[in-house]
Amino acid sequence: MSKPLSPIETAKFVAAKRACDFVESGMKVGLGTGSTAAWLVRCLGEMVRNDGLDITGVPTSTRTAELARQMGIRVTSLDEAKWLDITIDGADEFDGDLNLIKGGGGALLQEKIVATASDRMVVIADKTKQVETLGAFPLPVEVVPFGWQTTKALVEETLSSLDVLGDEATLRMNGESAFITDEGNYIIDLHLKRISDPRQFGIVINQIPGVVENGLFLDICDIVVIGHGDGRVEVKDITLGTTRHDVIEISHPDNVFSDLAE
Ligand code: 5RP
């Protein structure tokens, strides 16, 4: 018998489960990346297999694509799908305006392209991701490998002119080597502590040659589903200005998914 889920995994699971309510047969669905998004893919896969849900998934990373296929979800590329009904993804931070930091899992570029090409973006997260001001989580910036040290130096120089508290920039590593994104790029994590003006920050940082994209998702997310360890969920809709409270019944605590936590 598998172990019951920890409170944090329960929070991620119930957020993902509740977000499945936004998905209907016939939809083209952007599938996010990370441990919370992996719960979503599992839950959607269960609906495809057991309830006849008929969707086409557009994954935001090779690992999500692999999991989606394993779960029996039909997968296609964004170029094939062109425009999506909905994207559901995790986040590293979200604020009161549902602006986000993403890219902790290194998939920010595909995630941003896919979310932007969707009618709606729903973020699924546990309560710990909610912040007053963005920036405590290191902001990932994807850069091309060519001349990356020069790009990093330019980014560091630029930080001094921006309203942020921290100025440390580190190359993301995967063991002894640089972490490589699905696009073959590097990631520089910016330890900013507080980003007072994310809009200005995003515009300025993306001007630097060699920078491909940053992990600030501004005005992209429409709804956030916040999961709690006791099964409660809050659904905040920025367009409607509403917050709805629900409880997700976890019918099988020795959950078949409990092997999933990444
Ligand atoms: C990957 C992401 C993830 O959505 C983010 O890192 C949250 O991951 P998790 O659900 O594992 O906490 O942006 O690039």
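Order of appearance sets the numbers: ligands from 1, and atoms from 1 within every ligand.
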Report task. Show which atoms of ligand 1 fall inside a sub-4.0 Å distance from at least one heavy-atom site of Gly90. Result -> 4 (O)
Query raised in the report: Residues in salt bridge (Lys or Arg N to Asp or Glu O under 4.0 Å) with Lys236, at least two apart?
Result: none
Report task. State whether a side-chain donor-acceptor pair under 3.5 Å links Glu183 with Gln110. Result -> yes
Query raised in the report: Regarding Thr62 and Asp182, is there a side-chain donor-to-acceptor distance under 3.5 Å anywhere?
Result: yes
List, one per line, each side-chain donor-acceptor pair under 3.5 Å for residues 195-202, sequence neighbours excluded.
{"residue": "Ser196", "atom": "OG", "partner": "Asp163", "partner atom": "O", "Å": "3.4"}
{"residue": "Asp197", "atom": "OD1", "partner": "Arg199", "partner atom": "N", "Å": "3.4"}
{"residue": "Asp197", "atom": "OD1", "partner": "Gln200", "partner atom": "N", "Å": "3.2"}
{"residue": "Arg199", "atom": "NH1", "partner": "Asp219", "partner atom": "OD2", "Å": "2.6"}

Query raised in the report: Which of the numbered atoms in ligand 1 are below 4.0 angstrom from a heavy atom of Asp89?
Result: 4 (O)
Query raised in the report: Would you call Asp79-Lys82 a salt bridge at under 4.0 Å N-O?
Result: no
**Report entry** Those atoms of ligand 1 less than 4.0 Å from some heavy atom in Gly34
**Finding:** 11 (O)
Query raised in the report: Is the NZ or CZ atom of Lys102 positioned over Phe217's six-membered ring, under 6.0 angstrom from the centre and within 45° of the axis?
Result: yes
Query raised in the report: Have Lys152 and Gln149 got a donor and an acceptor in their side chains that come within less than 3.5 Å?
Result: no
Query - Nearest candidate to atom 1 (C) of ligand 1, where distance is taken over non-hydrogen atoms, out of Lys102, Arg63, Glu111 - result: Glu111
Query raised in the report: Do any nitrogen or oxygen atoms of Lys12 come within less than 3.5 Å of a nitrogen or oxygen of ligand 1?
Result: no
Query raised in the report: Of all the heavy atoms in Gly103, does at least one lie under 4.0 Å from an atom in ligand 1?
Result: yes
Query raised in the report: If you count the atoms of ligand 1 from 1 in the order shown, which ones are under 4.0 Å from a heavy atom of Gly104?
Result: 6 (O), 13 (O), 14 (O)
**Report entry** Per-atom contacts, ligand 1 versus Asp92 - under 4.0 Å to a heavy atom
**Finding:** 5 (C), 6 (O), 7 (C), 13 (O)
Query raised in the report: Applying the 4.5 Å side-chain criterion to the ILVMFWY set and letting contacts propagate, would Phe137 and Phe94 be lumped into a single cluster?
Result: no
Query raised in the report: Hey, which atoms in ligand 1 end up nearer than 4.0 Å to a heavy atom of Thr33?
Result: 1 (C), 2 (C), 3 (C), 4 (O)
Query - Within reach of ligand 1, part of Pro140 (heavy-atom separation under 4.0 Å) - result: neither
Report task. Would you mind listing which atoms of ligand 1 come within a distance below 4.0 Å of any non-hydrogen atom of Gly106? Result -> 14 (O)
